Each structure stands twice: as structure tokens, then as C-alpha cells.
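Each remark here refers to the structure printed beneath this line.
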There are 2 protein chains.
Amino acid sequence: MRITIKDVAKAAGVHSSTVSRVISGKSCISQKTTQRVISVIEKLGYTPNALARSLKTKKIQTLAMLIPDIANPFFAGLARGVEDTANKYGYNVILCNTDDCLEKEANYLRLLAEKCVDGVILATAKIRDKSIIELERINCPYILLSRNIQGGQENSISVDDITGGYLATEYLISLGHCKIAHISGPYNTTAALDRIKGYKKALQDYGIPLQKIYLGEGDFRIKGGYQVMKQFLQLAIPPTAVFTANDLLAVGAIEAIREAGCDVPHDFSIVGFDDIKLASYLSPPLTTIRQPMVEMGSLAIIKLLERIEHKVSHPNILIKPVLIERKSCREIN
Amino acid sequence: MRITIKDVAKAAGVHSSTVSRVISGKSCISQKTTQRVISVIEKLGYTPNALARSLKTKKIQTLAMLIPDIANPFFAGLARGVEDTANKYGYNVILCNTDDCLEKEANYLRLLAEKCVDGVILATAKIRDKSIIELERINCPYILLSRNIQGGQENSISVDDITGGYLATEYLISLGHCKIAHISGPYNTTAALDRIKGYKKALQDYGIPLQKIYLGEGDFRIKGGYQVMKQFLQLAIPPTAVFTANDLLAVGAIEAIREAGCDVPHDFSIVGFDDIKLASYLSPPLTTIRQPMVEMGSLAIIKLLERIEHKVSHPNILIKPVLIERKSCREIN
DNA sequence: TTGAAAGCGTTACCAC
DNA sequence: GTGGTAACGCTTTCAA
């Protein structure tokens with residue numbers, strides 16, 4: 001049997017409530033008693049039971065993070081920032097991979113509610129998201145990370161995707177491209193939609209007509225980039241440049257281009273999004289829009305803890321993205 | 001206030017113990033009562049409190065995973081397998097990044113013990129590991145993943161690192177190299193030590209004398225690979241081939257080589273270890289020793305759950321690694 | 001098949 | 001300062 005607070009109390013010749021006070025350190029307990037209790041705790045190797053505690057306090061010092069896939073370097077970066085900062089404040093975090101499957105997500109949310117997590121980082125939100133309604137219903141504090149919801153004015157942290165899309169497209173235009181395609185993320189995410197908006201706005205600002213055939217829906221993964229790029233390659237007039245909604249899509253697109261016997265950046269210029277750690281080591285080193293993943297994760301926790309402690313909401317936070325120039329683009333005439 | 005089992009009981013006109021039985025589904029409750037209780041549960045939106053439950057049952061359906069860094073694609077792969085399979089069996093997993101810092105690790109272990117996690121996946125083990133002693137002390141089931149301990153015959157799952165190191169080195173030898181260097185992982189991990197063993201054994205088997213200056217200690221990260229390679233490059237007689245103990249080290253090594261104005265594989269052949277997802281998209285596509293990360297993580301959970309349920313230990317599991325040939329090596333005369 | 005009651009390991013309020 | 005006691009929300013044994 002595990003040592004309990006009562007065992008400690010008995011061995012120290014005090015009442016269990018006194019031991020509790022010593023541990024919490026909030027009440028005034030005499031030096032002598034404190035010493036005695038502490039030494040007994042150490043001698044017995046006592047570990048408090050946080051579950052029992054939480055039954056009273058309603059706090060378990062545990063958060064959860066829902067993401068599509070931890071094997072995706074972007075989400076791994078977010079997770080790193082989230083976990084680090086949570087740990088710094090004494091919280092643990094439960095990791096949940098949803099694969100963008102609504103059913104899995106709902107199941108996770110049920111489990112997490114049963115376990116009384118103090119808050120949730122949701123990095124899977126879709127434009128109209130049932131999970132958020134559920135979170136609101138059970139009154140669970142949450143922060144939307146990197147994927148906010150349509151018309152949601154609160155509690156989200158993300159990069160300014162419109163500006164990011166604009167920057168990427170404008171850069172390609174500045175290089176002389178006018179046949180610029182875009183491989184987007186899934187249309188049910190605002191991240192994808194906003195990057196498209198930025199893409200369209202840049203084209204418009206520079207007087208380049210939007211070609212519907214140059215816009216393809218991807219999945220934020222290598223495979224999707226590969227498939228959509230294959231379609232672009234079969235066009236009568238293929239694009240000369242492609243802006244992809246994330247770096248993995250860019251990897252897939254480059255693969256398709258190589259397979260077709262063409263070269264990046266000679267035949268096609270590519271701009272990605274995210275700036276994952278390995279982006280500079282890819283072939284060719286990828287020009288991309290940087291998202292500060294670790295910092296975003298960290299900020300999400302800080303905002304989440306504020307929500308938990310002060311029961312407040314936050315206006316959305318928009319982070320300015322930056323273009324990182326490498327070697328996947330070239331100037332054309 | 002949250003709805004409790006008593007609220008449900010009252011609303012359904014039964015005793016709370018009856019509600020408990022309906023939920024667990026283990027006792028025989030009449031159709032009629034069952035129906036009534038279920039409909040009340042739904043109407044009130046009742047969510048059981050798993051923390052209160054665990055106080056009785058001593059099970060919380062939560063595991064933990066300790067890794068150095070989730071932003072490292074190798075550990076992200078393991079984590080994906082771990083979390084997926086845990087979820088399949090109804091468990092959640094708490095993620096902990098230790099940065100290979102003993103103090104952080106001990107702190108995590110304390111928190112996890114307080115939260116009564118049912119088991120732990122330890123992917124951070126050093127050759128002589130205090131954490132394991134602690135885990136044994138508090139009687140917490142664990143599995144050592146990818147990094148086992150010296151002389152430990154039980155509860156570890158890893159790739160056969162000796163064979164892996166052998167395979168990599170033998171491959172370079174078969175290409176005609178005899179000045180083969182090795183950038184290892186930290187010497188306090190068996191993974192690093194065993195890969196060195198394999199490296200040495202291959203050299204010996206093929207009659208190539210071991211050169212101490214061709215062996216450098218890295219950190220399993222890009223930076224370490226870069227630094228050690230820089231030293232190799234300054235040698236009077238530099239190696240013509242380098243086997244690195246993981247893919248990130250290879251990335252760093254290649255960076256150093258490029259910086260020196262040399263080419264991979266023309267001037268230096270490189271073999272990595274792990275086969276991270278992006279290995280085939282690096283420049284050049286990396287020849288490497290594959291570890292089935294997701295499968296290993298998954299297997300770790302299966303073995304951990306067996307330990308938890310049947311209170312048994314398992315003999316170590318050694319997975320045979322495979323060499324994946326790509327474009328980072330060339331034949332020399 | 002169901003109810004009553006004890007107890008899991010804490011904390012927090014009320015005394016003294 | 002410290003002790004006693006009543007919860008917290010659930011499960012489980014014992015009766016009926």
C-alpha cells in the first residue's frame with residue numbers, strides 16, 4: 001500500500017490536517033512541527049496523491065493539447081513550446097493526435113473532461129468547430145492555436161496568415177513570375193483560407209488575374225503537395241512558381257517536379273510556409289514563411305493559464321510572419 | 001457546479017450506487033432502470049469524474065512518456081506510435097521533454113507519481129539510470145524505449161544498435177572506403193555505445209584498423225554533427241566516409257562539409273541512423289539505417305499494458321534494423 | 001435488482 | 001498553532 005498523509009501524521013504524532021498544512025505551506029505551523037513532519041515525509045518516502053487533492057481543490061495541474069499529428073514538425077514545434085512552458089508553471093500536458101478526425105477529437109474531449117483537465121490547447125480547429133461548443137458547454141478554458149474559427153474574435157493565437165500568403169506571393173511576383181499557383185491546406189481550416197486570401201490579394205494588387213486552375217486544395221502533408229503538383233504539371237500552361245500552404249506540401253510538390261524531370265528552382269520556384277527546422281536542409285533549401293512555432297506554443301500556455309486563473313477571455317493574437325529567403329526560387333524574365 | 005452521480009441518482013429516483021452500476025455496466029440492472037438512468041444522464045449532460053473514480057479503483061487510465069525533445073523527429077515518431085496505441089486502449093499520455101536533464105527528469109517523475117499515472121515509457125534512459133530506481137521504488141510499471149540500460153535484461157524495446165552500426169560501416173567498406181569516421185551519440189547512452197560497437201566490429205571484421213581520431217562524440221543533434229565534422233575536416237588525413245549515429249548528426253555533418261566547399265557524396269560519403277521522414281528529401285537524400293519508430297512506440301505501449309495488467313516483466317526486445325540506400329554515399333577506388 | 005454505508009486520500013472550515 | 005470533522009465524487013461490500 002502507498003503511504004498516505006495519515007501514515008505520516010501518525011508517525012509524526014500530529015493530525016493529518018497538520019501534515020496537509022505543512023505540505024501546502026500556506027498556514028503557519030511551528031518550526032518544530034514542520035521539521036518533524038518533513039523528516040517523517042522523507043523517511044517514509046511519502047508522495048501526496050494529487051488525484052485525492054484535486055477532488056477538493058478542483059485543480060489537477062494538467063492541461064491537454066489536441067493536434068492533428070505530432071509527427072508533423074510544425075505541430076511538434078508547437079508542442080515543444082506548449083509543454084515547456086506548461087512545465088515551467090507546474091503543469092503537465094496530455095498529448096492528443098486527432099488526425100483531423102472529428103470522431104477521435106470528440107472522444108478525446110470526453111476523456112479529458114472526465115479527467116478534469118484544467119484547460120485545453122486546440123490546434124485542430126475547423127472553421128465551424130463542434131469541439132469549441134463542447135468546451136464552452138463544460139466550461140473548460142481553451143486557447144485556439146494556429147487554427148482559429150470563422151468570426152471568432154477571442155482566444156486564438158496564430159500567425160497572420162493573410163499577410164503570410166501575401167508575402168509569399170508578392171515575393172514570387174517580385175521575381176518576375178506571373179503564372180503563380182497555390183497549393184492550399186484543407187478548405188475547412190481558416191489557416192488555409194486566409195493564406196489563400198493573402199495569395200489572391202497579392203495577385204490583385206499587382207494586377208495579375210487569378211487563374212482558378214492554379215489553385216489546388218492540399219492536405220498540409222507531403223502526399224497532398226505531390227498530388228496537386230502533378231495536376232499542375234499536366235496543365236497546358238503550367239505555372240512557373242508555386243506557393244504552398246506549408247513546408248510539407250512544398251516537399252511533395254518538389255518531389256513531383258523532380259519526378260517529371262524538372263528542376264527547382266530552375267523550372268519552378270517554390271515558396272513554403274512554416275519554416276520547419278529542416279527547411280534549410282532540404283533540397284533545395286526552402287524559401288518559406290516563418291512561423292515562430294515554439295514561441296506560439298509558449299504564448300498559448302501563458303494565455304491559457306491567464307484564462308484559467310482569472311476566468312477571462314483574450315482577444316485574438318496575430319503574429320507577423322516573416323519571409324525567409326533561401327534557394328528554392330529564381331528570378332525569371 | 002458540475003453534475004455529479006448524485007444529481008443523476010436523484011433525478012432518476014434511484015440511489016447513486018445504481019447509477020454507478022449502470023455506468024460500469026458490470027452488474028445486472030433492470031432494463032427499465034437502466035433506460036431511465038441513461039436518459040437522465042444524457043438530459044443532464046453528466047460526465048463521470050475519473051479522478052474520484054480512480055481514488056477507489058487505483059487506475060487513472062493515463063500513461064506518461066519521457067523523451068529528450070519532441071521537436072526531434074525520431075522522438076516525435078516514437079511518440080506518435082505510443083500515443084496512438086495508448087489511445088486505442090483507452091489511455092491518455094502525458095508528454096514530458098527532459099532535454100536529457102536529470103533534474104528535469106526527476107521533477108517530472110515526482111509529478112507523475114503524484115498524479116498516479118499507471119505506467120511510464122522512458123525513452124531517455126542513460127547507461128546507469130536513477131529514474132529507473134525511482135520507478136522501481138514507487139512500483140510504477142515502465143518500459144525503456146530505444147535507450148536501454150547497462151546490463152538490463154528486462155523491459156526494454158530497441159533496435160539492435162550493434163547490428164545497425166555494423167550494417168552502416170560494412171556498407172561504407174563495401175563501397176571501398178577505409179578511412180571511415182563515426183560521429184556518435186553521447187557516451188552515456190547505450191544507443192551510442194552499441195552503435196560504436198557495431199562500427200568497431202565491422203572495421204575489425206574487414207581488417208581496417210580503428211583510428212581513435214576518427215571517432216567523435218556528438219549529441220544526437222544537428223549542431224553536434226556540425227562541430228565534430230569540422231574537427232574531422234581539419235585532420236591531416238580526413239576520412240572519406242562518415243557514419244553518424246543519427247540523421248540529425250548527418251545533417252550537421254553535411255552542413256560542415258558544404259561550408260568547407262566540399263560535396264556529399266563526391267568528397268565524403270555519409271550514412272545516418274533512424275530514417276526520419278524527411279531523410280529522403282534532404283540534400284542529398286540520406287542513406288541511413290531505418291528504425292521503425294511508430295511501430296516501436298506502439299509495441300512499447302502493448303508491452304507496458306501487459307506489465308500493468310499482469311504485473312509481469314518482459315525480456316528485452318531487439319528489432320533488426322535495415323539499411324536504406326539513397327544518394328549520400330559513393331563508391332571510391 | 002437495488003439501497004445503505006463505508007471508504008479512497010485529500011483539504012478546509014470550525015473549534016479550542 | 002493544532003486537532004477534529006465534514007466533505008469532494010465515486011465504487012464496492014453487505015443487506016435486504
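Letters A, B, ... mirror the listed sequences (proteins, then strands); counts begin at 1. Bear in mind that the values here come from a model prediction, so they are computed numbers and not experimental data.
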The contact string for nucleotides 9-16 of chain C, one letter per nucleotide 5' to 3', using protein heavy atoms under 4.0 Å with B, S and - for base, sugar-phosphate only and none, comes out as BBBBBB--
So, is Ser27(A) near the phosphate of dT2(D), with a side-chain N or O under 4.0 Å from OP1 or OP2?
no
Strictly below 4.0 Å, N to O, side chains only: are Arg110(B) and Glu114(B) in salt-bridge contact?
yes
- Item | Any donor-acceptor N/O pair, Asn155(B) side chain to His314(B) backbone, under 3.5 Å | yes
When rounded to whole Å, the NZ to C1' distance for the pair Lys115(A) and dG9(D) reads 17 Å
| If only atom types and distance count, is the side chain of Glu154(A) paired as donor or acceptor with the main-chain N or O of Asn316(A) below 3.5 Å? | no
Separation of dG9(D) atom P from Lys59(A) atom NZ, nearest Å, is 15 Å
Residues passing the salt bridge (Lys or Arg N to Asp or Glu O under 4.0 Å) test with Arg147(A), sequence neighbours excluded, are Asp100(A)
Separation of dC10(D) atom P from Lys26(B) atom NZ, nearest Å, is 16 Å
Looking at Asp118(B) and Gln61(B), would you say the former's side chain and the latter's main chain have a donor-acceptor pair under 3.5 Å?
yes
Atom CZ of Arg36(B) and atom P of dT1(C) are separated, to the nearest Å, by 15 Å
Q) OP1 or OP2 of dT2(D) sitting under 4.0 Å from any side-chain N/O of Thr18(A)? A) no
Margin query: Whether Arg80(B) and Asp69(A) form a salt bridge (side-chain N of Lys/Arg under 4.0 Å from carboxylate O of Asp/Glu) is what I want to check.
Written below: yes
